[in-house]
Novice: 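Just passing along the structure, written as structure tokens.
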Amino acid sequence: EVISSQLGGMPREGVIALLVLVSLQLVSQVVAFIDLARRPEVYGGRKWVWVLVILLGNLLGAVLYFALGRRPDAVDPGPNTGQKSIGGAGRYALDRLYGATSEEAV
């Protein structure tokens with residue numbers, strides 16, 4: 001009631017929708033800033049530009065950053081041995097499902 005009266009008599013449903021929208025905006029901006037801080041490279045190469053886009057663009061700025069600004073992380077393929085290796089938990093799961101492979105049984 002207090003918030004509704006301060007917003008010029010807006011109906012309760014309108015106040016709830018407004019609070020949900022503001023919460024969504026703040027959460028998306030915080031997540032975008034955290035991702036931007038952790039990411040080594042962004043599209044265009046200038047992180048400060050994306051800070052301004054996220055900050056001044058509100059919800060749309062965060063959406064634009066996630067859609068356009070992020071560069072995919074570089075993936076290290078490792079040595080090319082021609083065989084796929086499964087380590088740790090993956091090997092354990094396969095052994096539990098199918099038993100020890102012939103390489104390990106020898």
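Below, each value reflects all heavy atoms present in this structure, side chains not excepted, and no hydrogens, waters or symmetry copies. One-based numbering along the sequence shown.
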Novice: Minimum heavy-atom separation for Arg39 and Arg70, please, with both atom names.
Specialist: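 Heavy atoms only, the tightest pair is NH2-NH2, 2.9 Å.
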Novice: Are the side chain of Lys47 and the backbone N or O of Val42 linked by a donor-acceptor pair below 3.5 Å?
Specialist: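 Absent.
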Novice: With a 4.5 Å heavy-atom cut-off, do Ile54 and Phe33 have their side chains touching?
Specialist: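 Counting from C-beta outward, Ile54 and Phe33 do come under 4.5 Å.
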Novice: Identify the heavy atoms of Leu55 and Gln29 that sit nearest to each other, and give their distance.
Specialist: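 Minimum heavy-atom contact is O-NE2, 3.6 Å.
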Novice: Could you see if Val31 belongs to whatever hydrophobic cluster contains Leu60? Use Ile, Leu, Val, Met, Phe, Trp, Tyr and a side-chain cutoff under 4.5 Å.
Specialist: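 In one cluster: yes.
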Novice: To the nearest 0.5 Å, what is the distance between CG (Leu26) and CG (Leu21)?
Specialist: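 It is 9.5 Å, given to the nearest 0.5 Å.
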Novice: Could you tell me whether the side chain of Tyr43 reaches within less than 4.5 Å of the side chain of Leu68, counting heavy atoms only?
Specialist: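 Answer no - side chains too far apart.
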Novice: Are Val27 and Val30 co-members of a hydrophobic cluster defined by side-chain heavy atoms under 4.5 Å apart?
Specialist: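 No, Val30 does not connect to Val27 through the hydrophobic network.
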Novice: Looking only at heavy atoms, what is the nearest atom pair of Trp50 and Tyr65, with distance?
Specialist: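 Minimum heavy-atom contact is CZ3-CA, 3.7 Å.
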Novice: Check whether Val63 and Phe66 end up in the same hydrophobic cluster, where Ile, Leu, Val, Met, Phe, Trp and Tyr are linked by side-chain heavy atoms less than 4.5 Å apart.
Specialist: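 Different clusters: Val63 never reaches Phe66 through Ile, Leu, Val, Met, Phe, Trp or Tyr contacts under 4.5 Å.
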